[in-house]
Amino acid sequence: MSQWIWMNGELVAYEDAKVHVLTHALHYGTGVFEGVRAYENPQGQPAIFRHADHIDRLFQSAGLYHMEIPFSKEEIRAATHETITRNGLKSCYIRPLVFRGAGPMGLNPLDAPVEVAIAAWPWGAYLGDGALEKGVRAKVSSWRRISSDSLIPHAKASGQYLNSVLAKIESVRAGYEEAILLDAQGFVSEGTGENLFVVLDGVIYTPPQTAGILDGINRDAVMRIARDEGFEIVERNLARAELTLADELFMTGTAAELTPIREIDDHVVGDGVRGPITTRLQQVFLDALHGRDPRYTEWNDVVSVESPKAAA
Ligand SMILES: Cc1ncc(COP(=O)(O)O)c(C=O)c1O
C-alpha cells in the first residue's frame, strides 16, 4: 500500500484514512467508485489511461444515485495527480471513491454528507501471473447480472458489487479464475469486473449496452482499436452456447486489461491458447496503455512529476 491517501481535500497518512462505523455507505452500499490505471510512458512519466472518461463516469454514477460530488472534475483530476506524485508512483492502480458518510441512519441518504477519497497503489496482473499470456479459465455463473429494472448496471456503485462478489466467490471456490454472468434474459452479459468479447469466424462480437453491462472504458478503447486494425466488430446479444463455439474469447477491464479466456465451462476455447486476433488487439492495446502508440496518445493523461530538486 502507498503512504498517502487523498481524503476530502487533503492528503492524509495511510493509517489516518479512516471513516466512522456509522458511515452510510458501509450499511447500505451508497458509494460510487472508479478503477483507473496509470502506466509509465516512454518518457518515464506516469500517465493515467483515459482519465477524463473515468472522471466523467464517476460523476455520472454519483448523479444516478443522487449524490453531488463536492469537488469539480478538474479538482478530482488534480487530486489524483497529487496522490500519484506524493506517493512516488509510476505505474499504479487508482481508486477514487465517493460515498455517503456518517449522518442520519435509515434509507434516505440525502442528508448524509458526500465524501471523497482517492487511493493509489502498485497492482500487477489482476487475474494472476501469466494471465495476459496464457489466458484464464472461466465459468458461467449461476448468478445473473443485475438488471436495469432493479439496479443501474451503467453505474459503478459500491452496493451493486455484491452481485459480482457472489459470482466471484462461486467461480473461485469451483476452481476457476473468473465468472461470466448472463443477463436477466439469459444472454451473455459480462465478467465480475470485465466486459466480454467473442471472436467467431473472424468477426468480433460483444454484448450491447442493453445486456446489463457496465459501459467499460477499455471496452470502448478495444472497439476503437479493433476497427482501426480493420476488424469487423458487432454489438449484439450472445447466446451462452456461442461462448463454447467461439474461436477466441477475451475480457477487458481496467484491472484485467485485456485477458484471454482459454477455457469456458470446461470447454477449451479454440486451440486453448491466446488466439491471433486476441494477440493482435492485446499488443496494440498494451501499447496504447503505455503511451507507445501515437494514434492513441490523447488517451494518456500525463502526470508531471517535479524532480525533488525542482520541488525543493
Ligand atoms: C462490472 C464491470 N464490468 C466491466 C468493467 C470494465 O470497465 P472498465 O473497462 O471501464 O474498467 C468493470 C470494471 O470497471 C466492472 O466492474
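Atoms within a ligand are numbered from 1 in the order they appear, just like the ligands themselves. Small disclaimer: the values here were computed from a predicted structure and weren't measured.
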I'd like to know if E248 pairs up with R280 as an ion pair, taking the criterion as any Lys NZ or Arg NE/NH1/NH2 lying under 4.0 Å from an Asp or Glu carboxylate oxygen. no
- Item | Between E178 and T192: side-chain donor-acceptor atoms closer than 3.5 Å | yes
Handout entry: Cationic N near anionic O, under 4.0 Å, E115 to R100
Key = no
Hey, are E190 and N195 close enough side-chain-wise for a donor-acceptor pair under 3.5 Å?
-> yes
Check each N or O atom of ligand 1 against all protein N or O atoms and list the pairs under 3.5 Å, with atom names and distances to 0.1 Å, one per line.
{"from": "ligand 1", "atom 1": "3 (N)", "to": "E190", "atom 2": "OE1", "distance (Å)": "3.0"}
{"from": "ligand 1", "atom 1": "3 (N)", "to": "E190", "atom 2": "OE2", "distance (Å)": "3.4"}
{"from": "ligand 1", "atom 1": "9 (O)", "to": "I217", "atom 2": "N", "distance (Å)": "3.3"}
{"from": "ligand 1", "atom 1": "9 (O)", "to": "N218", "atom 2": "N", "distance (Å)": "2.9"}
{"from": "ligand 1", "atom 1": "9 (O)", "to": "N218", "atom 2": "ND2", "distance (Å)": "2.7"}
{"from": "ligand 1", "atom 1": "10 (O)", "to": "R57", "atom 2": "NH1", "distance (Å)": "2.8"}
{"from": "ligand 1", "atom 1": "10 (O)", "to": "R57", "atom 2": "NH2", "distance (Å)": "2.9"}
{"from": "ligand 1", "atom 1": "10 (O)", "to": "I217", "atom 2": "N", "distance (Å)": "2.8"}
{"from": "ligand 1", "atom 1": "11 (O)", "to": "N218", "atom 2": "ND2", "distance (Å)": "3.4"}
{"from": "ligand 1", "atom 1": "11 (O)", "to": "T254", "atom 2": "N", "distance (Å)": "2.9"}
{"from": "ligand 1", "atom 1": "11 (O)", "to": "T254", "atom 2": "OG1", "distance (Å)": "2.7"}
{"from": "ligand 1", "atom 1": "14 (O)", "to": "K156", "atom 2": "NZ", "distance (Å)": "2.8"}
{"from": "ligand 1", "atom 1": "16 (O)", "to": "K156", "atom 2": "NZ", "distance (Å)": "3.1"}
{"from": "ligand 1", "atom 1": "16 (O)", "to": "Y161", "atom 2": "OH", "distance (Å)": "2.4"}

Centroid separation under 6.0 Å, is that true for the rings of Y93 and Y126?
no
(message) Centre-to-centre under 6.0 Å for Y14 and W121, is that the case here?
(response) no
